[in-house]
Amino acid sequence: MPSYMDLALDEARKAQGAGEVPVGCVIVQDGAVIAAAGNRTMSDRDPTAHAEIVAIRAAARTLGSERLTGCDLYVTLEPCAMCAAAISFARIRRLYYGAADPKGGAVEHGPRFYQLPTCHHRPETYGGIGASAAGELLRGFFEARRD
């Protein structure tokens, strides 16, 4: 059986197939995937359509609540500041992410959102889950763009 991060990587590959930056996300509650998404910024013409945001919106619709307490989020890349804030506001219980993002990440890099005194909810955070596979996918995508 594939892991939740494997499912997020599948979503990242689908996003890449659509010409998007290959980032994928799944949200899990009580062992069941309740939402899955890849980046859709280009296809939706929406700069906020990061995989995490799209998945959070879908999970909120599924549960009928803006609060996703008891949910865990798996994403292939360290969340940016926008996504880290959305994860906090949604009250996600645990965040698991793959590759670190020294340039755009906001969890262990940049603003370190969850360490700010103004952050009201801090999910348990685990980085480096499936990092090599996620990193290879991203490197391959950007190398192909440079050629």
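Using modelled atom types, no side-chain atom of E124 and backbone atom of R94 make a donor-acceptor pair closer than 3.5 Å. A donor-acceptor contact shorter than 3.5 Å links the side chain of R122 to the backbone of L116. No donor-acceptor pair under 3.5 Å is formed between the side chain of E66 and the backbone N or O of A90. Distance alone, capped at 3.5 Å, places no donor-acceptor pair between the D44 side chain and the D46 backbone. With T76 contributing its side chain and G24 its backbone, the two residues share a donor-acceptor pair below 3.5 Å. Between the S88 side chain and the A84 main chain, no donor and acceptor come within less than 3.5 Å of each other. Remark: side-chain polar atoms of D10 are not paired, donor with acceptor, to backbone N or O of L7 under 3.5 angstrom. Side chain of E52 to main chain of C25: no donor-acceptor pair is present (N/O by atom type, distance under 3.5 Å, no hydrogens or angles). Between the side chain of H109 and the main chain of G104, no donor-acceptor pair closer than 3.5 Å is present. For the pair N39 (side chain) and A51 (backbone), a donor-acceptor distance under 3.5 Å is present.
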Original post:
Do C71 and Q29 pass the side-chain contact (heavy atoms from CB on, under 4.5 Å) test, and can you show the C-alpha distance, the side-chain angles, and the key distance before you say yes or no?
Top reply: CA-CA 5 Å; C71 292; Q29 183 185 54; 3.8 Å; yes
**OP:** Kindly determine whether Y114 and L95 satisfy side-chain contact (heavy atoms from CB on, under 4.5 Å), including the steps that lead there.
**Re:** CA-CA 11 Å; Y114 303 128; L95 163 65; 4.0 Å; yes
**OP:** Check the pair Y97, E108 against side chain to side chain donor-acceptor pair (under 3.5 Å), reporting the backbone distance first and the verdict last.
**Re:** CA-CA 11 Å; Y97 67 87; E108 69 178 77; 2.3 Å; yes
**OP:** Under the side-chain contact (heavy atoms from CB on, under 4.5 Å) rule, what do L73 and I56 come out as? Steps first, then yes or no, please.
**Re:** CA-CA 9 Å; L73 186 146; I56 286 169; 4.0 Å; yes
**OP:** Carefully, step by step, assess I27 and T62 under the rule side-chain contact (heavy atoms from CB on, under 4.5 Å).
**Re:** CA-CA 11 Å; I27 298 178; T62 296; over 6 Å; no
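Distance check: R67 CZ to R91 CZ gives 4.0 Å after rounding to the nearest 0.5 Å. I92 CD1 to I87 CD1: the interatomic distance, rounded to the nearest 0.5 Å, is 6.5 Å. In this structure, CD1 on I129 lies 11.5 Å from CG on D6, to the nearest 0.5 angstrom. Put simply, SG on C83 and NE2 on H50 are 5.5 Å apart, with the number rounded to the nearest 0.5 Å. Atoms CG and CD1, from L63 and I34 in turn, are 4.0 Å apart once rounded to the nearest 0.5 Å. One distance of note links SG of C80 with CZ of F113; it measures 10.5 Å at 0.5 Å rounding.
Taking the side chain as every heavy atom from C-beta outward, R93 and P123 never approach each other to under 4.5 Å. Between Q16 and L137 there is a side-chain heavy-atom pair separated by less than 4.5 Å.
Taking all atoms of both residues into account, the shortest heavy-atom contact from L138 to A99 is CD1-CB, 4.5 Å. Across every non-hydrogen atom of A131 and G98, the tightest pair is CB-O, 3.6 Å.
When hydrophobic clusters are built by joining Ile, Leu, Val, Met, Phe, Trp and Tyr residues whose side-chain heavy atoms come closer than 4.5 Å, directly or via intermediates, V33 is grouped together with Y126. When hydrophobic clusters are built by joining Ile, Leu, Val, Met, Phe, Trp and Tyr residues whose side-chain heavy atoms come closer than 4.5 Å, directly or via intermediates, F142 is grouped together with L77. At a threshold of 4.5 Å between side-chain heavy atoms, the hydrophobic network of Ile, Leu, Val, Met, Phe, Trp and Tyr places V107 and I53 in two separate groups.
For F141, the CZ atom counts as densely surrounded, since its 6.0 Å shell holds more than 12 non-hydrogen atoms of other residues, nucleotides or ligands.
With sequence neighbours excluded, no residue forms a side-chain hydrogen bond (donor to acceptor under 3.5 Å, both in side chains) with S65.
In the hydrophobic clustering (ILVMFWY side chains linked at under 4.5 Å, chained through shared members), V54 stands by itself.
No side-chain N or O of E11 forms a donor-acceptor pair with one of Y74 less than 3.5 Å apart.
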